[in-house]
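Okay, so here's the structure we're looking at.
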Amino acid sequence: MNYKDNLNLEKLPAHIAIIMDGNGRWAKQKGFLRAAGHKEGTTAVRDVVEGCAEIGIKNLTLYAFSTENWNRPKLEVDTLMKLLVSSLKKEIKTLQENDIKLNSIGNISNLPKKARKELQDVIDKTANNKRMTLTLALSYGSREEITNCITQIAEKVKSEELSIDAVDESVINEHLYTRNLPDVDLLIRTSGEQRISNFLLWQIAYAELYFTKILWPDYRREDLFEAIYNYQNRERRFGKTSEQLS
Ligand code: FPP
């Protein structure tokens, strides 16, 4: 089935988030080093980003490096950081051509200086792009984000900049790394694992979850169109009954 031609472009998810999993297993299956899986993963990143821009997705967030990933062997962490720098250098052209703005979420101060600088450079250069926002979750952990949010709000209450009665869901949203993004509508995880792994816990409250066995390096835009088609054929009730919706 050609999923792209069967999509309802009026009902696209406003925000898609992806847990790109399976790079290591892909490499192992082929007898390669894990690094080769991550490198091939960047090809999938490019294809999926272009696919999103092509059909009119406004927000795409990719889980590129979690706070827990710092515990991997140093060689693998270094490889991922180098890949990030080289991809940013190489892909700025793709971002500009497709009018895509780069954004990041996570505790960026933990990244090596070179990666931070390259990231900031691409964020600055693409700041006025309008077609889509691509957010990279880097050194990101949802619990860290929520802790950081609570600390900031507590400081403001303490200094009387904010009244405790004024703290509501919108105030919390404004203190998360995702403050400028809409809630996630569709969360995809590749490689067959069915876990959230500390990703966007607050933001996926009403997201549709979609799991596929495809390993990330093999994932392509047609697979994403299939996930969106599946999403569009679900009934999202947001706590209401089917009768109330119709
Ligand atoms: C999970 O696979 C993937 C990662 C930890 C890193 C994701 C990074 C990329 C796709 C490449 C760089 C990205 C950008 C945006 C430049 P895994 O290693 O956990 O796989 P496994 O579970 O099979 O071992």
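Worth knowing before you read on, the calculation uses all heavy atoms, side chains too, and leaves out hydrogens, waters and symmetry mates. Both counts, for ligands and for their atoms, begin at 1 and track the order of listing.
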Item to check | Ligand-residue contact atoms, ligand 1 with Gly24, heavy atoms, under 4.0 Å | outcome: 17 (P), 18 (O), 20 (O), 21 (P), 23 (O), 24 (O)

Item to check | Min N/O separation Arg25 to ligand 1 under 3.5 Å | outcome: yes

Next on the checklist: Taking 4.0 angstrom as the limit and counting only heavy atoms of Asn69, give me the atoms of ligand 1 inside it, by number and element.
Outcome noted: 5 (C)

Checklist entry - For ligand 1, which atoms have a heavy atom of Trp216 less than 4.0 angstrom away? => result 10 (C)

Item to check | Reference residue Ile18; test side-chain contact (heavy atoms from CB on, under 4.5 Å); the match among Thr61, Leu186, Leu187, Leu60 | outcome: Leu60

Next on the checklist: Using a 3.5 Å cut-off on N or O atoms only, is Asp21 in polar contact with ligand 1?
Outcome noted: yes

Item to check | ligand 1 atoms in contact with Arg72 (distance to a heavy atom under 4.0 Å) | outcome: 5 (C), 17 (P), 18 (O), 19 (O)

Item to check | Nearest-contact summary for atom 15 (C) of ligand 1 - protein heavy atom, Å | outcome: Leu136 CD2, 3.7 Å

Item to check | Sub-4.0 Å atoms of ligand 1 with respect to non-hydrogen atoms of Ser87 | outcome: 16 (C)

Checklist entry - Between Tyr3 and Ile228, is any pair of side-chain heavy atoms under 4.5 Å apart? => result no

Item to check | Residue selection (non-hydrogen contact nearest atom 24 (O) of ligand 1) among Arg34, Met20, Gln29, Lys82 | outcome: Arg34

Checklist entry - Is the side chain of Gln203 donor-acceptor paired with the backbone N or O of Thr178 at a distance under 3.5 Å, no angle test? => result no

Next on the checklist: Within the 4.5 Å heavy-atom criterion, are Gln96 and Asn129 side-chain neighbours or not?
Outcome noted: yes

Item to check | Nearest-neighbour protein heavy atom for atom 10 (C) of ligand 1, which is reported as residue plus atom name and distance | outcome: Asn23 ND2, 3.5 Å

Checklist entry - Which ligand 1 atoms are under 4.0 Å away from a heavy-atom of Ala64? => result 6 (C), 7 (C), 8 (C)

Next on the checklist: Within the structure provided, determine whether Ile188 and Tyr219 are in side-chain contact (heavy-atom separation under 4.5 Å).
Outcome noted: yes

Checklist entry - Got an N/O contact under 3.5 Å between Tyr63 and ligand 1? => result no

